[in-house]
2 protein chains.
Amino acid sequence: MVKNTGQPAYLQIADDLRAQIRGGSLAPGTPLPSTTRLAEQYGASLSVVKLAVGVLRTEGLVIGQQGKGVFVRDADELPPPAKAGDVAEVSEEVAELRATVQDLSKRLAKVEEQLATSTTRRPGRSSR
Amino acid sequence: MVKNTGQPAYLQIADDLRAQIRGGSLAPGTPLPSTTRLAEQYGASLSVVKLAVGVLRTEGLVIGQQGKGVFVRDADELPPPAKAGDVAEVSEEVAELRATVQDLSKRLAKVEEQLATSTTRRPGRSSR
DNA sequence: CGAGCCAACTAGGTCAACTATGTTGCTCAC
DNA sequence: GTGAGCAACATAGTTGACCTAGTTGGCTCG
């Protein structure tokens, strides 16, 4: 189904969906067909579809909401001026926040560990 | 190891690499460590690393050359493909991170309190 | 000496399965 | 009639395996 243009399947699907979005066939706010649906539709495996959606997601064209679906982003909020300066600026903020998160996480982990060992220890720790 | 920030591993790795690129620690033209290398380095599986590299690839920050490696793109040649949705994307990330910080803070506070008064054994392990 | 092959690396693509988590709608007991 | 619980379905993340394909360097053999 995905032809053999030399392009990988997940990119072909991503392109197709992107075209549908840009072309208005998939209006902003509307949900894409579900992952399994798309898989059947394109004759591809789930993994490939997830990969394709992932691409669109990192492109910002689409937003996935767990349990609900993947929705086309409003045109207003996506293609707008992606000023390099803006990105840099906000990126800094991100870095800062990330540092905070890391710090908090570390403290949390430590403290939670103490708490865990001091309370009833139950098997079934979920880790891998 | 990765994790604990609430952010998925592949995004953390992507972020880390992105930071190294932006920070100059990985200069344009230099190759990233090999996939397997990164996997060991981050204590993650190959799949996760490939996912992370994939993100950077679709962002245009990096170019993979089969058989050779993944190379940091020259700063000159990447601004043009100015990525639509970048600002939106990062903004969203900020929002997410803020939420994470709030969540972590809350959990930290709670847990630290419990630890302080942990003469009483209390179950109630709340994983996720 | 040189040509050619081969082995060891590299990235990239695909698949299948599992887990986690969120949403929604139905059913059934009260 | 209401609400608690459950089942079905959704995205998301992760793992591990297998295969393709390009690059490189060394080794062998003519």
Side-chain angles (χ1 to χ4, degrees), chain A residues 1-15 17 26 29-73 124-128, chain B residues 1-15 17 26 29-73 89 92-93 96 99-100 103 125-128:
Chain A
M1 185 79 118
V2 237
K3 320 172 301 136
N4 33 343
T5 65
Q7 266 226 138
Y10 78 98
L11 281 186
Q12 283 181 52
I13 297 179
D15 282 343
L17 293 175
L26 278 173
T30 60
L32 270 57
S34 81
T35 313
T36 39
R37 204 81 192 243
L38 287 174
E40 294 168 6
Q41 206 169 303
Y42 286 103
S45 73
L46 283 182
S47 314
V48 168
V49 172
K50 291 209 284 183
L51 229 42
V53 172
V55 168
L56 297 182
R57 232 179 341 132
T58 84
E59 277 176 1
L61 271 180
V62 117
I63 291 191
Q65 279 177 254
Q66 230 175 273
K68 293 176 83 173
V70 178
F71 298 85
V72 178
R73 201 110 157 235
R125 177 89 187 85
S126 67
S127 188
R128 51 171 83 91
Chain B
M1 210 133 352
V2 201
K3 222 173 173 232
N4 258 337
T5 68
Q7 255 215 310
Y10 78 97
L11 282 187
Q12 283 180 55
I13 296 179
D15 283 343
L17 292 174
L26 280 174
T30 61
L32 269 56
S34 81
T35 314
T36 39
R37 199 76 195 263
L38 287 174
E40 294 168 4
Q41 208 169 305
Y42 286 103
S45 72
L46 281 183
S47 313
V48 167
V49 172
K50 291 209 280 182
L51 230 42
V53 172
V55 169
L56 297 182
R57 220 163 11 114
T58 84
E59 278 176 0
L61 269 178
V62 117
I63 290 190
Q65 279 177 254
Q66 230 175 282
K68 294 178 79 174
V70 178
F71 298 85
V72 178
R73 197 111 160 241
E89 185 188 327
E92 195 192 319
E93 215 174 343
E96 243 174 69
T100 306
D103 177 60
R125 173 94 176 86
S126 64
S127 321
R128 14 159 136 199

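Quick note on labels: first sequence line is chain A, next is B, and so on, each numbered from 1. Treat the numbers as computed from the prediction; the structure is a model and nothing was measured.
Note that CG of A/Asp15 is 8.5 Å distant from CG of A/Leu56, once rounded to the nearest 0.5 Å. With values rounded to the nearest 0.5 angstrom, B/Leu17 atom CG is found 10.0 Å from B/Leu61 atom CG. Rounded to the nearest 0.5 angstrom, A/Arg73 CZ and A/Glu59 CD are separated by 11.5 Å.
What separates CD of B/Glu40 from P of C/dT10 is a distance of 9 Å, to the nearest Å. In this structure, the CD1 atom of A/Ile13 is 13 Å from the P atom of C/dG13, given to the nearest Å. What separates CD1 of B/Ile63 from P of D/dG22 is a distance of 18 Å, to the nearest Å. To the nearest angstrom, C1' of D/dT14 lies 13 Å from CG of A/Leu51. With rounding to whole Å, B/Leu32 atom CG is found 10 Å from C/dG12 atom P. The distance from atom CG of B/Leu56 to atom C1' of C/dG12 is 15 Å, rounded to the nearest whole Å. Between B/Gln7 atom CD and D/dA12 atom C1' the separation is 13 Å, expressed in whole Å. Protein atom CD of A/Gln65 is 23 Å distant from nucleotide atom P of C/dA20, rounded to whole Å.
Using a 4.0 Å cut-off, some side-chain N or O of A/Thr35 falls inside it from OP1 or OP2 of D/dT11. At C/dG13, none of the side-chain N or O atoms of A/Ser47 fall inside 4.0 Å of OP1 or OP2 (strictly under the cut-off). Residue B/Tyr10 places at least one side-chain N or O closer than 4.0 Å to OP1 or OP2 of D/dG13. Contact between the side-chain N/O atoms of A/Arg57 and the OP1/OP2 oxygens of D/dG13 is found at a separation under 4.0 Å.
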**OP:** Go through the steps to decide whether A/Ile13 and A/Leu38 satisfy the test side-chain contact (heavy atoms from CB on, under 4.5 Å), and finish with yes or no.
**Re:** CA-CA 9 Å; A/Ile13 297 179; A/Leu38 287 174; 5.8 Å; no
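Checked by distance alone, B/Gln66 brings a side-chain donor or acceptor within 3.5 Å of a matching partner on the base of D/dA21.
Closest approach to the A/Ala9 side chain among C/dT14, C/dG12, D/dT14 is made by C/dT14 (side chain taken as heavy atoms from C-beta onward). Between D/dT11, C/dT23, C/dA16, one nucleotide has an atom nearer to the side chain of A/Lys68 than all others, and that is C/dT23.
Nearest-nucleotide positions on DNA chain C for A/Gly67 and A/Lys50 put A/Lys50 closer to the 5' end.
A heavy-atom distance below 4.5 Å is not found between the side chains of A/Phe71 and A/Thr30.
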